[in-house]
Amino acid sequence: MTYRSYTFTHAIVRKPGAGVIDGLRAVDTGAPDFGQFQRDHATYISLLKSTGAGVSELDALDNFPDSVFVEDSALCLPEVAIAMRPGAPSRLGEAAIMAPVLSGYYHEVLSIEGPGFIDGGDILVTEREILVGKSARTDAAGIAELRSLTSRWDYSVREVQTPAGVLHFKTDCSLMDEETVLTTKRLSDTGCFDGYRTINTADGEEAAANAIRFNELVIMPSGFPKTADKLSAAGYTVREVGNTEAAKLDGGMSCLSLRFSPNSQ
Ligand code: CIR
């Protein structure tokens with residue numbers, strides 16, 4: 001398969017544990033329903049698998065309520081996997097647990113050592129660069145360390161700003177193809193996607209921005225019909241997954257997997 005920033009041979013997911021109901025949230029809208037969370041997670045996994053990718057399903061981690069959101073623990077590039085340094089104290093330990101898993105796929109696994117912090121959810125890898133949003137979880141020192149680690153492979157890391165009150169940069173955007181980003185208007189208005197083609201989420205459907213392009217599919221949360229129609233009209237093959245329970249914990253489609261095509265395989 002030709003490498004593209006949206007074609008993947010593998011994904012890693014982690015089963016939600018019963019403790020997921022204690023996950024972090026910006027606003028408490030009630031505890032997630034564990035059974036519904038599990039059912040939506042199973043649908044998500046079956047969609048990833050339907051594209052032909054190998055999906056590794058890790059066991060739940062009882063001591064880490066947010067560990068179902070595996071994206072934040074690592075960045076997976078074709079050449080290297082890098083364990084992140086999550087900015088929430090309760091999540092810091094998730095990266096060290098993910099690193100040995102990634103060693104099963106990569107010859108080289110590096111780590112952000114600190115003192116800075118960086119969450120995978122703040123990182124958007126496109127064909128031409130790596131955009132990283134500063135946020136409440138990701139700081140300039142974390143971004144600088146990522147820049148230093150990836151310079152060996154000539155990656156260009158660009159620091160941008162996650163909108164105030166938005167958890168992660170990718171809460172508000174997703175890569176659709178080599179030149180197209182699905183984004184909220186509040187994020188595209190910052191100019192960070194100048195030079196890309198952008199598709200804005202429909203008004204009132206900002207929560208649809210956290211979707212994933214995974215091989216031939218665009219996997220998005222259900223309940224955002226106008227944005228789904230826009231994407232279908234633009235030629236994407238859209239699949240919807242219930243996300244009501246993960247959304248109570250500020251999580252969505254990208255957070256639930258690490259997606260990658262390692263060169264070493
Ligand atoms: C957290 O606050 O860390 C989790 N409740 C949600 C993480 C969502 N992850 C992501 O956007 N990449």
Side-chain angles (χ1 to χ4, degrees), residues 11-34 36-37 40-41 44 48 58 60-76 82-95 97-98 112 117-125 130-139 142-143 146 160-175 181-184 187 201 206-214 219-221 241 243-260:
I12 293 175
V13 298
R14 186 179 292 287
K15 294 190 176 81
V20 73
I21 61 169
D22 296 319
L24 297 171
R25 65 207 76 176
V27 178
D28 197 354
T29 57
D33 178 295
F34 183 46
Q36 189 61 48
F37 203 124
D40 292 339
H41 197 252
Y44 178 81
L48 297 177
L58 306 179
L61 290 178
D62 291 335
N63 295 334
F64 293 93
D66 285 296
S67 55
V68 66
F69 302 117
V70 283
E71 172 177 68
D72 295 315
S73 64
L75 173 66
C76 297
I82 304 175
M84 296 287 104
R85 193 158 187 266
S90 66
R91 304 199 61 193
L92 190 56
E94 292 177 30
I97 295 170
M98 188 57 78
I112 300 286
F117 294 96
I118 182 164
D119 276 17
D122 280 315
I123 306 175
L124 183 75
V125 180
I130 301 176
L131 287 102
V132 192
K134 270 206 290 185
S135 71
R137 302 284 177 85
T138 293
D139 60 20
I143 298 172
L146 179 69
V160 291
Q161 186 64 48
T162 301
V166 173
L167 176 61
H168 285 126
F169 185 60
K170 276 189 295 185
T171 304
D172 265 30
C173 67
S174 326
L175 190 77
V181 178
L182 172 68
T183 172
T184 60
L187 183 56
T201 52
E206 286 71 19
N210 183 264
I212 53 172
R213 175 72 191 270
F214 190 79
I219 304 176
M220 65 176 288
V241 181
N243 192 53
T244 51
E245 307 316 297
K248 290 175 184 166
L249 306 177
D250 310 319
M253 298 296 108
S254 78
C255 324
L256 292 169
S257 59
L258 285 167
R259 305 162 294 279
F260 54 101

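Order of appearance sets the numbers: ligands from 1, and atoms from 1 within every ligand. Sequence positions, counted from 1, serve as the residue numbers for this chain.
On a distance-only criterion, Glu71 and ligand 1 share at least one N/O pair closer than 3.5 Å. By the 3.5 Å distance cut-off applied to N or O atoms, Phe69 is not counted among the residues near ligand 1. Geometrically, ligand 1 and Arg91 share a nitrogen or oxygen pair separated by less than 3.5 Å. Any N or O atom pair closer than 3.5 Å counts here, and Asp250 shares no such pair with ligand 1.
At least one side-chain heavy atom of Asn243 sits under 4.5 Å from a side-chain heavy atom of Met253.
Closest protein heavy atom to atom 10 (C) of ligand 1: Cys255 SG, 2.7 Å. Looking at atom 4 (C) of ligand 1, its nearest protein heavy atom turns out to be Asp66 OD1, 3.2 Å. Here the heavy atom of the protein found nearest to atom 2 (O) of ligand 1 is Arg137 NH2, 2.9 Å.
In this structure, Thr183 and Leu187 approach most closely via the heavy-atom pair OG1-CB, 3.5 Å. Smallest separation of non-hydrogen atoms from Ala95 and Met84: CB-O, 3.1 Å.
When each atom of ligand 1 is checked for a heavy atom of Gly121 under 4.0 Å away, the hits are 12 (N). Of all atoms in ligand 1, listed by their number and element, those nearer than 4.0 Å to a heavy atom of Leu249 are 4 (C), 5 (N), 6 (C).
Heavy atoms of Arg25 found under 4.0 angstrom from ligand 1: none, in either backbone or side chain. The proximity of Lys170 to ligand 1, defined as any non-hydrogen pair under 4.0 Å, does not occur for either the backbone or the side chain. Under 4.0 angstrom from ligand 1, the non-hydrogen atoms of Asp72 all belong to its side chain.
A donor-acceptor pair shorter than 3.5 Å can be found between the side chains of Ser254 and Glu71. Remark: the Ser135 side chain and the Asp122 side chain contain an N/O donor-acceptor pair separated by less than 3.5 Å.
We find that Asp139 and Lys134 are not joined by a salt bridge, their nearest charged nitrogen and carboxylate oxygen being 4.0 Å or further apart.
With sequence neighbours excluded, the residues that form a side chain to side chain contact (heavy atoms under 4.5 Å, CB included) with Ser174 are Met176, Leu182, Ala211.
Classified by interplanar angle (parallel below 30°, tilted 30° to 60°, perpendicular above 60°), the ring pair Phe37/His41 is tilted.
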